[in-house]
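Written below as structure tokens is the structure these notes are about.
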Amino acid sequence: MRYVTIVLLAALVIALDQWTKHLALANIDPIEPVVITGFFNLVLVLNYGAAFGIFNDPATTWQMWLFTAATLIAVVVIVCIARSAPPRSRLLFVGLGLITGGALGNWIDRMRLGAVVDFFDLHAAGMHWPAFNVADIAICLGIVFTALMLFTGTPKGKDRI
């Protein structure tokens, strides 16, 4: 059941991530943000780098290969963690599915577009959090769930979810 949970959740994240990115590319002007609230906008950003725009240089291509290798390594580590985890660690498998889906969603962008599509923009007092997407949210939630399970463990005889 562990792999079913991971694969189904990853597929759901990938589908939602790619659908929202398609909508962002089709509907958000790259120059003019869509103002939703006083602290949240929709913007269109192509991120050629990593989190927070690290290595964000469209003139170089080595990042794509680095992030492809990182995605592959992450998936292998996730499979190893899932294989060695107790079968009752459902929250762990949910976390691993979210991380897998998010990593693959962003990887698909890199392969398809050469950059990751980001479009959520949180801001306050003139300061903006770097733009992000559904895949990034899934990765962050997955890390929280995985960390909770890895650091707290699963009580005997109980499922954690």
Side-chain angles (χ1 to χ4, degrees), residues 1-28 30 33-34 36 39-58 61-85 89-123 128-152 154 160-161:
M1 193 65 175
R2 67 186 76 209
Y3 298 112
V4 171
T5 300
I6 292 169
V7 169
L8 287 178
L9 195 50
L12 178 65
V13 168
I14 291 168
L16 181 61
D17 178 61
Q18 291 299 302
W19 179 64
T20 57
K21 289 172 179 175
H22 168 76
L23 291 175
L25 286 167
N27 296 300
I28 300 173
V34 178
I36 305 296
F39 61 90
F40 177 66
N41 299 330
L42 297 176
V43 298
L44 188 58
V45 176
L46 293 179
N47 183 357
Y48 296 88
F52 309 112
I54 298 169
F55 307 126
N56 191 10
D57 182 5
T61 59
W62 63 265
Q63 314 96 303
M64 185 176 75
W65 300 110
L66 173 69
F67 300 131
T68 295
T71 301
L72 179 61
I73 291 167
V75 170
V76 169
V77 168
I78 286 167
V79 169
C80 290
I81 292 171
R83 188 172 62 200
S84 65
S89 304
R90 291 192 331 193
L91 186 60
L92 175 65
F93 303 138
V94 168
L96 295 176
L98 290 170
I99 294 168
T100 302
L104 292 175
N106 282 339
W107 177 78
I108 289 168
D109 281 8
R110 289 185 195 287
M111 293 297 105
R112 195 168 59 90
L113 305 170
V116 174
V117 177
D118 292 323
F119 53 91
F120 293 131
D121 174 36
L122 292 175
H123 58 92
H128 289 256
W129 185 260
F132 57 99
N133 58 46
V134 170
D136 298 334
I137 295 168
I139 291 168
C140 290
L141 287 174
I143 289 170
V144 169
F145 293 160
T146 301
L148 282 172
M149 284 303 299
L150 291 176
F151 293 118
T152 63
T154 303
R160 304 266 318 235
I161 192 151

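Heavy atoms only: backbone and side chains are in, while hydrogens, waters and symmetry mates are out.
The backbone N or O of M1 lies less than 3.5 Å from a partner atom in the side chain of T5, making a donor-acceptor pair. Looking at D17, its side chain never comes within 3.5 Å of a backbone N or O of V13 through a donor-acceptor pair. With R110 contributing its side chain and W65 its backbone, the two residues share no donor-acceptor pair below 3.5 Å. Under a 3.5 Å cut-off, the side chain of N41 and the backbone N or O of P33 do not form any donor-acceptor pair.
Of all heavy-atom pairs between A85 and F93, the closest is CB-CE2, 3.9 Å. Closest heavy-atom contact between A135 and G102: CB-O, 3.3 Å. Closest approach of F145 to G95, counting heavy atoms only: CB-CA, 3.9 Å. When all heavy atoms of G105 and I14 are compared, the pair lying nearest together is N-CG1, 4.1 Å.
A heavy-atom distance below 4.5 Å is not found between the side chains of V45 and F119. Side-chain contact between V116 and N133 is present, with heavy atoms from C-beta onward closer than 4.5 Å. Side-chain atoms of I139 and L98, non-hydrogen and from C-beta on, never get closer than 4.5 Å to each other. The shortest distance between side-chain heavy atoms of V34 and N27 does not fall below 4.5 Å.
In this structure, Q18 CD and T20 OG1 are separated by 8.0 Å, a value rounded to the nearest 0.5 Å. Within the model, atoms CG of D118 and CG of L44 stand 9.5 Å from one another, a figure rounded to the nearest 0.5 Å. Atoms CG and OH, from L46 and Y48 in turn, are 5.0 Å apart once rounded to the nearest 0.5 Å. Distance CG/L72 to CZ/F67: 15.0 Å, rounded to 0.5 Å. Atom CD1 of I36 and atom CG of L122 lie 11.5 Å apart (nearest 0.5 Å).
Applying the ring pair (Phe, Tyr, Trp, His ring centres under 6.0 Å) criterion to H22, with sequence neighbours excluded, gives no partner residue. Among residues two or more places apart in sequence or in another chain, the side-chain contact (heavy atoms from CB on, under 4.5 Å) test is passed with I78 by L96, I99, T100. Annotation: side-chain contact (heavy atoms from CB on, under 4.5 Å) contacts of A103 (sequence neighbours excluded): T71. Remark: A74 pairs with no residue by the side-chain contact (heavy atoms from CB on, under 4.5 Å) rule, at least two apart or across chains. Every ring pair (Phe, Tyr, Trp, His ring centres under 6.0 Å) that F120 has, sequence neighbours left out, goes to F40, F132. The side-chain contact (heavy atoms from CB on, under 4.5 Å) test applied to I73 returns V77, not counting sequence neighbours.
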Handout entry: Stepwise side chain to side chain contact (heavy atoms under 4.5 Å, CB included) test for V94 and M149
Key = CA-CA 10 Å; V94 168; M149 284 303 299; over 6 Å; no
Handout entry: Check against side chain to side chain contact (heavy atoms under 4.5 Å, CB included), T68 and W107
Key = CA-CA 7 Å; T68 295; W107 177 78; 3.3 Å; yes
Exercise for the section: Run the numbers on W129 and H123 for side chain to side chain contact (heavy atoms under 4.5 Å, CB included), then give the verdict. Expected result: CA-CA 6 Å; W129 185 260; H123 58 92; over 6 Å; no
Practice task
Assess whether side chain to side chain contact (heavy atoms under 4.5 Å, CB included) is satisfied between I108 and N106, documenting all intermediate values.
Solution key: CA-CA 5 Å; I108 289 168; N106 282 339; over 6 Å; no
